[in-house]
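These figures come from a predicted structure and were not determined experimentally. Any value given below was found using the heavy atoms of this structure, including those in side chains, with hydrogens, waters and symmetry copies removed.
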Amino acid sequence: MQNDPTIRRYESAGGTIVYKLPVEAFPKHFTNCYLIMTDPITLLDAGSGQENSNASMQDCFRRLGDEFDERVQVFDVGRLILTHGHIDHFGGANFVVEQSGAELGIHELDVSVIQSFKERLILNTKNLHLFLDRAGVSTSTVEKMLNMNKWSKDLFHPAHVDFTFDEGPLPGTPFEIFHTPGHCPGQVCIRLDDILFTADHVLQRITPNQSPEFITRYTGLGHYMESLQKVRSVPGITLGLGGHEGDMTELHRRIDETLAFHETRLDKTLALCDRPKSIKEVSLELFGERQDYHVLLAFLETGAHMEYLYERGRIGVTNIEEVELEYNPVLLFQRQ
Ligand SMILES: [Zn+2]
Ligand SMILES: [Zn+2]
């Protein structure tokens, strides 16, 4: 990921001023929050909520005054909209709401991440356990992965959500919501005139990590690719502003590149399923040996692509007799 730590100013076709606040949510991991000068003032996303992240956000507000002569503070925010339920975007919600009393909103499919954070994480980790066993990952590695998945368990205190949304114009605001599930169940893109805030759905350089829907409903590559097509058909967008990295002046091109990237990865995955293989085996051939958290990301990415192929009848399970007899054996897949 290529961070862009510069504060930037934009003006939408309708004359609304927008500032990009690059908040260092985790060391060397910047999340772009956007301050939108509506009435009341809107903030999109809040960083991770860790001490350094909150300090980084306050520093962004200070720099707004120095660099753009815009005298706004965190306590001036009246509305906080979260683009999706990932900790580097929502973790700072408590901080922003405590400082400002802002109304907090998120897509209805990610409400429980905010209101029942621990519960969602524990259930998600349980499904991940089933997935990793089925993928052929060794017991000791599974243990490590499960702990990695739960690392943020005590990082966030549940917060009260004031409003939710699904799709269409957000009442009382100039925003239009597009639900774009895939990267996260409640992922949204938000339109303001000719600007589309794409959050983690479309990014300037990287393709957001995919995870099988087996683990979390409304994720999965099928939903993700449909959501790319959906955003591609939104007319009149001249600027895409992502949740990380730099701006996208040619959003269509970036969407096409992202789609092509996954088509190529699907072809590679299919080619690797030339004989019965577990998700772990295919993952090692696709990504090689990875370290730490990247091992888990590789299994999830591979699992998402194999799930997509299986659901569309392009690969099948070759050890179905064993699957019938045992509780949760390793699944072996092969091209049909
Ligand atoms: Zn995300
Ligand atoms: Zn993100």
Side-chain angles (χ1 to χ4, degrees), residues 109 119-151 181-185 207-228 258-336:
L109 289 180
E119 177 186 306
R120 269 286 286 255
L121 195 54
I122 289 170
L123 286 176
N124 173 280
T125 306
K126 193 61 75 177
N127 290 349
L128 176 65
H129 195 162
L130 290 170
F131 165 76
L132 291 171
D133 282 348
R134 225 172 249 208
V137 180
S138 71
T139 314
S140 62
T141 310
V142 167
E143 203 57 43
K144 262 189 255 167
M145 311 261 118
L146 296 180
N147 285 329
M148 274 180 207
N149 196 58
K150 282 193 292 193
W151 71 273
H183 172 71
C184 191
T207 52
N209 190 252
Q210 300 298 315
S211 177
E213 189 169 21
F214 176 81
I215 299 171
T216 309
R217 297 275 298 127
Y218 285 93
T219 63
L221 189 60
H223 287 299
Y224 180 65
M225 289 171 74
E226 272 172 29
S227 296
L228 285 176
T258 309
L259 281 164
F261 172 88
H262 285 294
E263 291 293 356
T264 304
R265 182 159 281 173
L266 282 168
D267 289 345
K268 272 188 208 160
T269 308
L270 189 60
L272 287 172
C273 294
D274 51 348
R275 60 176 176 79
K277 282 181 193 169
S278 66
I279 291 175
K280 180 192 169 181
E281 285 173 287
V282 175
S283 181
L284 281 173
E285 290 183 62
L286 266 179
F287 296 103
E289 291 281 353
R290 294 277 179 115
Q291 294 301 315
D292 307 320
Y293 197 59
H294 295 280
V295 183
L296 177 57
L297 292 182
F299 288 146
L300 294 175
E301 182 80 17
T302 307
H305 285 76
M306 289 176 71
E307 180 183 76
Y308 182 96
L309 292 169
Y310 177 74
E311 284 173 344
R312 284 152 186 81
R314 293 165 73 185
I315 57 176
V317 175
T318 59
N319 60 331
I320 199 68
E321 293 82 9
E322 189 187 355
V323 175
E324 191 181 10
L325 295 174
E326 286 179 35
Y327 167 57
N328 193 33
V330 178
L331 300 186
L332 299 175
F333 294 93
Q334 187 175 9
R335 232 167 27 207
Q336 300 273 37

State, with a plain yes or no, whether a side-chain heavy atom of Leu300 is found less than 4.5 Å away from one of Ile215.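 Yes, at least one pair of side-chain atoms sits under 4.5 Å.
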
Under 4.5 Å between any side-chain heavy atoms of Ile279 and Leu331, yes or no?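 No; the side chains remain at least 4.5 Å from each other.
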
Within the supplied structure, the quantity of interest is the number of heavy atoms (other residues, nucleotides, ligands) at a distance under 6.0 Å from Glu326 CD; does it exceed 12?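 Yes, enclosed.
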
Residues forming a salt bridge (Lys or Arg N to Asp or Glu O under 4.0 Å) with Glu281, sequence neighbours excluded: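 So Glu281 forms no salt bridge (Lys or Arg N to Asp or Glu O under 4.0 Å) with any residue.
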
Mind checking what makes salt bridge (Lys or Arg N to Asp or Glu O under 4.0 Å) contact with Arg265, not counting sequence neighbours?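 Only Glu301 meet the salt bridge (Lys or Arg N to Asp or Glu O under 4.0 Å) criterion with Arg265.
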
Looking at every heavy atom in both [X] and [Y], which two are closest together, and how far apart are they?
| X | Y | answer |
| --- | --- | --- |
| Val137 | Val142 | O-CG2, 3.6 Å |
| Pro181 | Tyr218 | CB-O, 3.4 Å |
| Gln210 | Gly220 | OE1-O, 4.1 Å |
| Asp292 | Met145 | O-CE, 4.5 Å |

Residues two or more places apart in sequence or in another chain: which of them pass side-chain contact (heavy atoms from CB on, under 4.5 Å) with [X]?
| X | result |
| --- | --- |
| Glu324 | none |
| Thr219 | Pro185, Glu213, Thr216 |
| Lys144 | none |
| Gln336 | none |

Looking at [atom1] of [X] and [atom2] of [Y], how far apart are the two atoms once the value is rounded to the nearest 0.5 Å?
| X | Y | atom1 | atom2 | result |
| --- | --- | --- | --- | --- |
| Leu286 | Lys268 | CG | NZ | 7.5 Å |
| Leu259 | Thr207 | CG | OG1 | 11.0 Å |
| Asn147 | Leu296 | CG | CG | 11.5 Å |
| Leu297 | Arg290 | CG | CZ | 8.0 Å |
| Asn209 | His294 | CG | NE2 | 10.0 Å |
| Phe299 | Lys280 | CZ | NZ | 6.0 Å |

Can you name the residues that form a side chain to side chain donor-acceptor pair (under 3.5 Å) with Asn127, not counting sequence neighbours?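 Counting only residues at least two positions away or on another chain, Asn127 forms no side chain to side chain donor-acceptor pair (under 3.5 Å).
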
How would you list all residue pairs meeting salt bridge (Lys or Arg N to Asp or Glu O under 4.0 Å) that involve residues 305-314, not counting sequence neighbours?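 Qualifying pairs: none.
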
Applying salt bridge (Lys or Arg N to Asp or Glu O under 4.0 Å), which residue pairs with at least one partner in residues 327-336 are found, sequence neighbours left out?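 Output for this query is empty, none listed.
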
Is a side-chain N or O of Ser227 found less than 3.5 angstrom from the main chain of His223, in a donor-acceptor match?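 Yes; at least one donor-acceptor contact below 3.5 Å.
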
Whether Asn149 side chain and Asn124 backbone form a donor-acceptor pair below 3.5 Å: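 Such a contact is absent between Asn149 side chain and Asn124 backbone.
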
Donor-acceptor pairs under 3.5 Å, side chain of residues 270-277 to any protein atom, not counting sequence neighbours: which ones?
| unit_1 | atom_1 | unit_2 | atom_2 | d |
| --- | --- | --- | --- | --- |
| Asp274 | OD1 | Lys277 | NZ | 3.3 |
| Lys277 | NZ | Leu272 | O | 2.6 |
| Lys277 | NZ | Glu285 | OE1 | 3.4 |
| Lys277 | NZ | Glu285 | OE2 | 3.0 |

Return each pair, listed once, that meets ring-ring contact (aromatic ring centres under 6.0 Å, His included) where at least one residue sits in residues 304-336; pairs must be two or more places apart or across chains.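 Listed once each, the pairs are His262-His305, Tyr310-Phe333.
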
All ring-ring contact (aromatic ring centres under 6.0 Å, His included) counterparts of Phe214, not counting sequence neighbours: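 Scan of Phe214 (ring-ring contact (aromatic ring centres under 6.0 Å, His included), adjacent residues dropped) gives none.
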
